[in-house]
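Structure record follows, encoded as structure tokens.
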Amino acid sequence: MTEILNFYGGEFHPADSGAWLDNYDPSCGKVYSKIARSGASDADKAVKAAEKAFPEWSSLPASERFRHMKNLADGIRNNLETYARAESKDNGKPVSLARSVDIPRAVSNFEFYAAGAMHYASSAHYTEGLGINYTLRRPIGVAGCISPWNLPLYLFSWKIAPALAAGNTVVAKPSEITPMTAFMLAKTAREVGFPPGVLNIIHGLGPEVGEPICVHPGVGAVSFTGGTATGKRIITQAGTMFKKLSLELGGKNPNIIFADCDFDKMLSTTLRSSFANQGQICLCGSRILVEKSLYAEFRDAFTAKVSKMKVGDPADEHTRTGAVVSESHMEKILSYIEIAKSEGGKVLCGGERVRLGGDLSEGYYIAPTVIEGLEQECRTNQEEIFGPVVTLDTFETEAEAVAKANATPYGLAATLWTSDLNRAHRAAEAVKAGIVWVNCWLERDLRTPFGGVKQSGVGREGGFDAMDFFTEPKNVCVSYLR
Ligand code: NDP
């Protein structure tokens, strides 16, 4: 059975405790590998390795950092199929999705920020009668990067890459639920000769080793993606130590559909924005708000298509809806469907666990679920479910649509469907979210700012925003005009 080991100082190590966690294959509910169950002493060794490597890495010319990161990107690309199969097995997502989205995006993340290292520049200001102010931007030191299970390598690399490009060394922890491709990344780093100690990867549970990374005095910045409750805990722990924090948290995204939209494009995209990756993408739209005059037509067409979505073996090339990530997550999603029913919701399709036959009979499968008849104030519409469950609601005016869209504690993303240009701009401005898609969904340009408002997070990733986060600006004021 594969042993998923820690990687620090360029070498692999078991946890100091000698303890292991089971790693499950969600497609069949069976243990298929073991994970080093690390703790504070492992985190400390990784931080020390990162501190040792920092002076040399941060003084390398940007072109050298570019070369190392490009090698890492090529190392993943050259093994894309192996990575994609591993990601699918570890997470339950269809292998076709891992192959077309997750792993190529991890490659892009390293390439994008390798190039970013070469293009990132400081600013200078001429000050009349005085001279110049210029801003030195230097890396912080050791960055802690903590990521969730839904897009394992994709989100892991989205943090690590800008941290490295800006000249930091990194101690990173993937979710213990999906650690396999992070372990493979460590192997690739070794194979391509990535400098020892620059990228360190530690495995184990959040409270046992994630928290020690966040509060370690040697870690100057923490970039975290995960649930809002965990984000709050990190603020209360690491925030009070005045560390720099970037927090990408939960969401309850609205998908607003006006009657004048391009119906066919909206319908096919809404299927994806509702159920891609079994609804386990922080950007999925889980509250579908439809203009009343279009509601019946939309509901019937949408439900008919969702009913035909086949849940299947993630390893099968034809599967588009796989398993959810874990047994406890499956139970959580199913419990929310029960809550929805108790709140008066009507399940239009799905609503139950799916049992596939043979070896997969214990896998964690849920039928894509559509629910109508709920108020926006109820728990189903207020709390993040993070699974293949969407609710339908109506509105009569633009103002009502925006009010309903904004009626949760979250503000990550929103989708708008309309052919009225003025309304699109107006509503995009009025919706409280960090990201708004108009007549599309999940189109990503890596240069754009990414993040949420309200309880969806603090700070922005993407483009030079991430490089800014991973550097400390220092203004130098030089007087020479006298
Ligand atoms: P969690 O918050 O449970 O975990 C995220 C990561 O934090 C995991 O690696 C976890 O470790 C670790 N962790 C847990 N407790 C601590 C702690 N006290 N200190 C430090 N690290 C800790 O989230 P999930 O993994 O369940 O991911 C799902 C959530 O992520 C959803 O809420 C989703 O909306 C959000 N998300 C947000 C995105 C965004 O960009 N805004 C993108 C993707 C997901 P372990 O699991 O190993 O215990």
Side-chain angles (χ1 to χ4, degrees), residues 4 15 21-24 35-40 43 90-91 102 105 144-156 158-159 171-180 182 201-216 219 222-239 241 243 245-253 276-286 324-326 328-330 332-333 383-387 408-413 433-435 442 444 449-462 465-466:
I4 294 177
L21 296 160
D22 289 334
N23 191 25
Y24 289 83
I35 311 159
R37 183 172 182 166
S38 313
D90 214 26
N91 174 278
D102 290 73
R105 175 59 194 275
C145 298
I146 310 239
S147 60
W149 47 257
N150 63 324
L151 303 166
L153 192 63
Y154 174 137
L155 289 176
F156 199 55
W158 182 232
K159 303 184 165 306
V171 175
K173 190 194 95 63
S175 168
E176 132 273 343
I177 300 166
T178 53
M180 187 57 88
I201 298 173
I202 298 287
H203 298 278
L205 296 167
E208 293 180 7
V209 71
E211 194 158 314
I213 293 170
C214 294
V215 301
H216 195 292
V219 170
V222 175
S223 174
F224 169 82
T225 299
T228 295
T230 316
K232 272 186 195 157
R233 178 147 183 94
I234 291 174
I235 290 176
T236 54
Q237 303 283 311
M241 298 171 79
K243 292 169 189 263
L245 297 182
S246 168
L247 305 171
E248 301 298 337
L249 309 176
K252 194 74 187 173
N253 306 318
N277 205 37
Q278 296 71 247
Q280 302 165 130
I281 300 179
C282 52
L283 304 165
C284 279
S286 53
V324 299
V325 76
S326 68
S328 62
H329 193 56
M330 176 181 70
K332 177 189 153 185
I333 297 165
E383 297 174 18
E384 188 180 39
I385 301 175
F386 213 52
T408 77
Y410 296 105
L412 185 54
I435 304 149
L442 208 62
R444 291 282 295 122
F450 179 93
V453 301
K454 301 197 281 182
Q455 292 191 22
S456 289
V458 179
R460 291 292 179 273
E461 297 184 328
D465 286 292

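Every number for a ligand or one of its atoms is a count from 1 in the order of the listing. None of the values given here were measured: they were computed from a predicted structure.
Within the 4.0 Å heavy-atom cutoff, Pro174 counts among the residues contacting ligand 1. At least one heavy atom of Gly204 sits closer than 4.0 Å to an atom of ligand 1.
The shortest N or O to N or O distance between Leu249 and ligand 1 is under 3.5 Å. Between Ser456 and ligand 1, no N or O atom pair is found at a separation short of 3.5 Å. Annotation: Gly210 places no N or O atom under 3.5 Å from an N or O atom of ligand 1; distance criterion only. Considering both main-chain and side-chain atoms, Ser147 comes within under 3.5 Å of ligand 1 through a nitrogen or oxygen pair. Among the atoms of Asn150, none of the N or O lies under 3.5 angstrom from an N or O of ligand 1. Between Leu205 and ligand 1, no N or O atom pair is found at a separation short of 3.5 Å. For ligand 1, one of its N or O atoms has an N or O atom of Ser175 under 3.5 Å away.
Close approach to Leu155 involves these atoms of ligand 1, each under 4.0 Å from a residue heavy atom: 42 (C), 43 (C).
Ranking the protein heavy atoms by distance from atom 13 (N) of ligand 1 puts Gly206 CA, 3.3 Å first. Of all protein heavy atoms, the one lying nearest to atom 11 (O) of ligand 1 is Lys173 NZ, 3.0 Å. The protein non-hydrogen atom at the shortest distance from atom 18 (N) of ligand 1 is Glu211 OE1, 3.0 Å. Here the heavy atom of the protein found nearest to atom 2 (O) of ligand 1 is Thr230 OG1, 2.6 Å. The protein non-hydrogen atom at the shortest distance from atom 40 (O) of ligand 1 is Phe450 CE2, 3.2 Å. Looking only at protein heavy atoms, the nearest one to atom 25 (O) of ligand 1 is Trp149 CD1, 3.0 Å.
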